[in-house]
J.: 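Quick one: this structure, given as structure tokens, is what I'll be asking you about.
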Amino acid sequence: MEPQALAALIAERVLAQLSSHGVEDLPAEVDVALERPRSADHGDWATSVALKVAKHAGVPPRDFAAALATDIGSLPGVAVADVAGPGFINITLEAGAAGELVATILELGEHYGQSTALAGETINVEFVSANPTGPLHIGHTRWAALGDCLVRVLRSAGADVTSEFYVNDAGAQMDTFGESILASILGEAPPEGGYQGSYIADLAARVLEQDPELVGESRAEQIARARDTGYRLQLADIKQSLTDFGVEFGVWFSERTLHENEATGTSLIDSSLERLRAGGHVFEEDDAVWVRTTDFGDDKDRVIRRANGVYTYFAADAAYYLSKTDRGFEKKIYLLGADHHGYIHRLKALAGAAGEDPEKNIEILIGQLVSINGAKLSKRAGNIIELDDLREWLGVDALRYSLARYPADSPLSLDPEILTKRSNDNPVFYVQYAHARTHQVARNAEASGVATDTFDPSLLTEPTEAALISSLADFPRVVTQAANLREPHRVARYLEDVAALFHRWYDHARVTPQGDDPIEPVHHTRLSLNNATGQVLRNGLALLGVSAPERM
RNA sequence: GCCCUCGUAGCUCAGCGGAUAGAGCAGAAGACUUCUAAUCUUUUGGCCGCAGGUUCGAUUCCUGCCGAGGGCGCCA
């Protein structure tokens, strides 16, 4: 039996108990959270619903729990339901009822774990959004991994998700970028505050190769062409780095398009300002134009157009936000580094000024930065560590996994020595090895004549089997929770748990009989459990963008 | 000064308001003529930064303090 089905049955019993205690205003539905208990002595599933609901019935939690446990104990498929502690109910399923799940998993295949929890939501997830003036570095790496995993998890929960990269290709830094490349081409000293690192020289050589006529042009033309060609090359490099890292974006949004005039002679920024003005949140002071973001909790109002008539970066932010709304995204998720946390209030205020709900339509996930022990700094990019170097050093799987297994707000320092190890202390190998092992077991089993066509879940009576099965049953709940909380790391932690339970089971129960022992129905049945475990590990790794090798 | 995040075992870190706070590593002791030991079994190790508050119940929520990191612009 699947936990969702059991939870629904229990919810009915809770309502019945409540009404038998004379509770008038029964809740429309009771959320029975079935949890996997920490201790195996506590059965397959536990619920604290009695503790939460007893107050409404006006009876002591333990009494309520006792009556409810009796009801649950008589449900089909339930072997035992006990009251423990202050009013927990521990439930043990009959082996056959629990094991039916194995067939369900094999039937659903790669769809097992998907849900409709977020069906109907249109979500825009923006992340990385690096300036196209240099290679991606370690500061972008965590968001690339985490954002991509979040997108996968949200989709798995049924949301309609678009991943988006905001290209900061407008503003003074692009000219500085062009000047830096040009200086390198002409053999001049780099401009003050210009871009450093040998990647500039690389770009300069490539720009010159594509545009050899450039040297004869006027200075202004030279800068413009160095800038535009360099931009095109650098953006292509960034896309390649992300593709190599397994990260795909649905939309590359150019900031320039917000500034450019449309046929009407106004830009998106112009019209956005008018829309904010129409909402009544714009005022003028000291010759500048301001948005009254303090109406929505910002600590100060923000200038949107300077006294000299030039728009601020905030103006582009506003136009970009409205663009997302206009493109049909009900929910906008931003992934930002801790160094951008000062933007939370003003971005939320922006949503409010645009007439939306800052609590609902915009979410900003702030993450702590990553450090790497003993990482070599990149000569190519100056004083930073490049994503490409990290990927080549540690591999896509180890890098993605180790970045995705921690919550975003947890400060993180990676240890390359561990990440390149092939052993238990490297979680990605631990999980991948478990997956490879399920394939090895299946290969051996099939070679010895063990097959999945005989399946009798009531034979799965080993304690390690019960634990493995209930952990497999937990997968859909974990994915849904990861999506709801925007915390993909839960998937990684879950996989480590499944891998551990699988290795333990492998050690205690054989799929292929040893030596000349005969093949029995239990062996056939265990092959299905083995295969179902492989399926769950594969599905989970796919959510993290990590490969699931069949052999290691 | 104001704002944000973090503080859990020796280390790296989990922990949707619930049970005796967990995992891996490190330390100690075991299991390989193996369905791949890249694994498993047993075990040592905690004033959950400190002090209050809310709650039947707080590592979790709130307030203050201490400590670490980051941020404050008519820059982008």
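This structure is a prediction, so every number in the text was calculated from the model and none was measured. Each chain gets a letter, A, B and so on, in the order its sequence line appears, and its residues count up from 1.
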J.: Using atom C1' of each nucleotide, how far apart are B:U60 and B:G53 to the nearest Å?
T.: 15 Å
J.: Could you give the distance from CD (A:Glu35) to CH2 (A:Trp45), rounded to the nearest 0.5 Å?
T.: 10.0 Å
J.: Assign A:Asp286 to base, sugar-phosphate, or nothing according to its heavy-atom contacts below 4.0 angstrom with the strands shown.
T.: base
J.: Distance between the C1' atoms of B:G49 and B:A9, in whole angstroms?
T.: 15 Å
J.: Describe the nucleic acid contact of A:Asp339 in one word from base, sugar-phosphate, nothing, applying a heavy-atom distance below 4.0 Å.
T.: sugar-phosphate
J.: Describe the nucleic acid contact of A:Ala46 in one word from base, sugar-phosphate, nothing, applying a heavy-atom distance below 4.0 Å.
T.: base
J.: Rounded to the Å, how far apart are A:Arg305 CZ and B:A76 P?
T.: 15 Å
J.: Students often get this wrong, so: under 4.0 angstrom with heavy atoms, is A:Pro513 touching a base, only sugar-phosphate, or nothing?
T.: nothing
J.: Which value, in whole Å, describes the distance between the C1' atoms of nucleotides B:U36 and B:U43?
T.: 27 Å
J.: Looking only at side-chain atoms of A:His508, point me to the closest of B:C16, B:U41, B:A76.
T.: B:U41
J.: Have a look at A:Ala509 and say if it touches a base, only the backbone sugar-phosphate, or nothing, with a 4.0 Å heavy-atom cut-off.
T.: base
J.: Starting at CD of A:Gln481 and ending at C1' of B:G15, how long is that distance when rounded to a whole Å?
T.: 11 Å
J.: Choose from B:C72, B:C40, B:G15 the nucleotide whose nearest atom is closest to any side-chain atom of A:Lys300.
T.: B:C72
J.: Please walk me through it: do A:Trp143 and A:Leu403 pass side chain to side chain contact (heavy atoms under 4.5 Å, CB included)?
T.: CA-CA 9 Å; A:Trp143 315 125; A:Leu403 291 166; over 6 Å; no
J.: I'd like a table of atom pairs between the protein and nucleotides 1-5 of chain B - only N or O on both sides, under 3.5 Å - with the distance next to each one.
T.:
| from | atom 1 | to | atom 2 | distance (Å) |
| --- | --- | --- | --- | --- |
| B:C3 | O2 | A:His341 | NE2 | 3.1 |
| B:U5 | O2' | A:Gln368 | NE2 | 2.7 |
| B:U5 | O2' | A:Asp409 | O | 3.4 |

J.: Could you tell me the separation between the NE2 atom of A:His439 and the P atom of B:A38, rounded to a whole number of Å?
T.: 19 Å
J.: Consider the side chain of A:Tyr406, meaning its heavy atoms from C-beta on, and name the nucleotide among B:A19, B:A76, B:U12 that approaches it most closely.
T.: B:U12
J.: Determine whether more than 12 heavy atoms belonging to other residues, nucleotides or ligands lie under 6.0 Å from atom CD of A:Glu192.
T.: no
J.: Under 3.5 Å, which protein N or O atoms sit close to an N or O of nucleotides 21-28 of chain B? Give each pair with its distance.
T.:
| from | atom 1 | to | atom 2 | distance (Å) |
| --- | --- | --- | --- | --- |
| B:C25 | OP1 | A:Asn424 | ND2 | 3.4 |

J.: Say you pick atom P in B:C62 and the same atom in B:A58; how far apart are they, in whole Å?
T.: 16 Å
J.: Per the ring pair (Phe, Tyr, Trp, His ring centres under 6.0 Å) rule, which among A:Phe314, A:Tyr313, A:Tyr166 passes with A:Tyr320?
T.: A:Tyr166
J.: Could you give the distance separating B:C32 and B:U41 at their C1' atoms, to the nearest angstrom?
T.: 14 Å
J.: Identify which nucleotide among B:U36, B:C75, B:G15 has an atom closest to any side-chain atom of A:Arg306, counting heavy atoms from C-beta outward.
T.: B:C75
J.: To the nearest angstrom, how far is A:Tyr433 atom OH from B:C40 atom P?
T.: 9 Å
J.: Stem list for RNA chain B, please, built from Watson-Crick and G-U wobble pairs under 3.5 Å and keeping only runs of at least 3.
T.: B:1-7 with B:66-72, B:10-13 with B:22-25, B:27-31 with B:39-43, B:49-53 with B:61-65
J.: What about A:Tyr195, does its side chain sit under 3.5 Å from the base of B:A76 through a donor-acceptor pair?
T.: no
J.: With side chain to side chain donor-acceptor pair (under 3.5 Å) as the criterion, how do A:Glu284 and A:Trp290 come out once you've worked through the C-alpha distance, each side chain's angles and the decisive distance to 0.1 Å?
T.: CA-CA 6 Å; A:Glu284 307 205 4; A:Trp290 301 65; over 6 Å; no
J.: For B:C75, does the base pair up with any side-chain atom of A:Gln173 as donor and acceptor (N or O, under 3.5 Å, distance only)?
T.: no
J.: Atom CD of A:Gln440 to atom C1' of B:U36: distance rounded to whole Å?
T.: 6 Å
J.: Taking the P atom of each, how far is B:A31 from B:U12, in whole Å?
T.: 33 Å
J.: How long is the span from the CZ atom in A:Arg526 to the CH2 atom in A:Trp505, to the nearest 0.5 Å?
T.: 7.0 Å
J.: Heavy-atom nearest nucleotide on RNA chain B for A:Val441 versus A:Ala288: which residue maps closer to 5'?
T.: A:Val441
J.: Output yes if the stacking criterion (under 5.5 Å between centres, under 30° between planes) is met for A:His340 over the base of B:G71, else no.
T.: no
J.: In the structure I gave you, are the side-chain heavy atoms of A:Ile366 and A:Ile364 within less than 4.5 Å of one another anywhere?
T.: yes
J.: So which one's nearest nucleotide on RNA chain B is more toward 5', A:Pro61 or A:Trp290?
T.: A:Pro61
J.: Kindly give the heavy-atom pair with the smallest separation between A:Ser448 and A:Thr512, and that separation in Å.
T.: OG-CG2, 3.2 Å
J.: Taking only side-chain nitrogens and oxygens of A:Arg551, does any of them come within less than 4.0 Å of OP1 or OP2 of B:A38?
T.: no
J.: Do A:Thr438 and A:Asn530 have side-chain atoms, one donor and one acceptor, less than 3.5 Å apart?
T.: no
J.: Is there a side chain to side chain contact (heavy atoms under 4.5 Å, CB included) between A:Arg538 and A:His439? Walk through the geometry before answering.
T.: CA-CA 11 Å; A:Arg538 199 152 53 245; A:His439 277 265; 3.3 Å; yes
J.: I need the A:His489 NE2 to A:Cys149 SG distance, nearest 0.5 Å.
T.: 12.0 Å
J.: Just compare B:C40, B:C16, B:A19 and give me whichever is closest to any side-chain atom of A:Tyr430.
T.: B:C40
J.: If the P atom of B:G10 is compared with that of B:G46, how far apart are they to the nearest Å?
T.: 7 Å
J.: Does the plane of the ring in A:Tyr343 sit parallel, tilted or perpendicular to the ring in A:His340? Use 30° and 60° as the thresholds.
T.: perpendicular
J.: Rounding to an integer number of Å, can you tell me how far A:Trp45 CH2 sits from B:A19 C1'?
T.: 18 Å
J.: Whole Å only: how far is the CG atom of A:Leu51 from the P atom of B:U55?
T.: 17 Å
J.: Would you mind reading off the distance between A:His435 atom NE2 and B:U39 atom P, rounded to a whole angstrom?
T.: 17 Å
J.: Closest approach to the side chain of A:Arg302, judged atom by atom: which nucleotide of B:C16, B:G73, B:C75 is it?
T.: B:G73
J.: Flag the pair A:Arg256 and A:Asp228 as a salt bridge only when some basic side-chain nitrogen lies within less than 4.0 angstrom of an acidic carboxylate oxygen.
T.: yes
J.: Between the main-chain N or O of A:Ala46 and the side-chain N or O of A:Asn90, is there a donor-acceptor pair closer than 3.5 Å?
T.: no
J.: Do A:Asp270 and A:Ser267 meet the criterion of a side-chain donor-acceptor pair at a distance under 3.5 Å?
T.: yes
J.: Measuring only the P atom in each nucleotide, how far is B:G45 from B:A14? A whole number of Å is fine.
T.: 24 Å
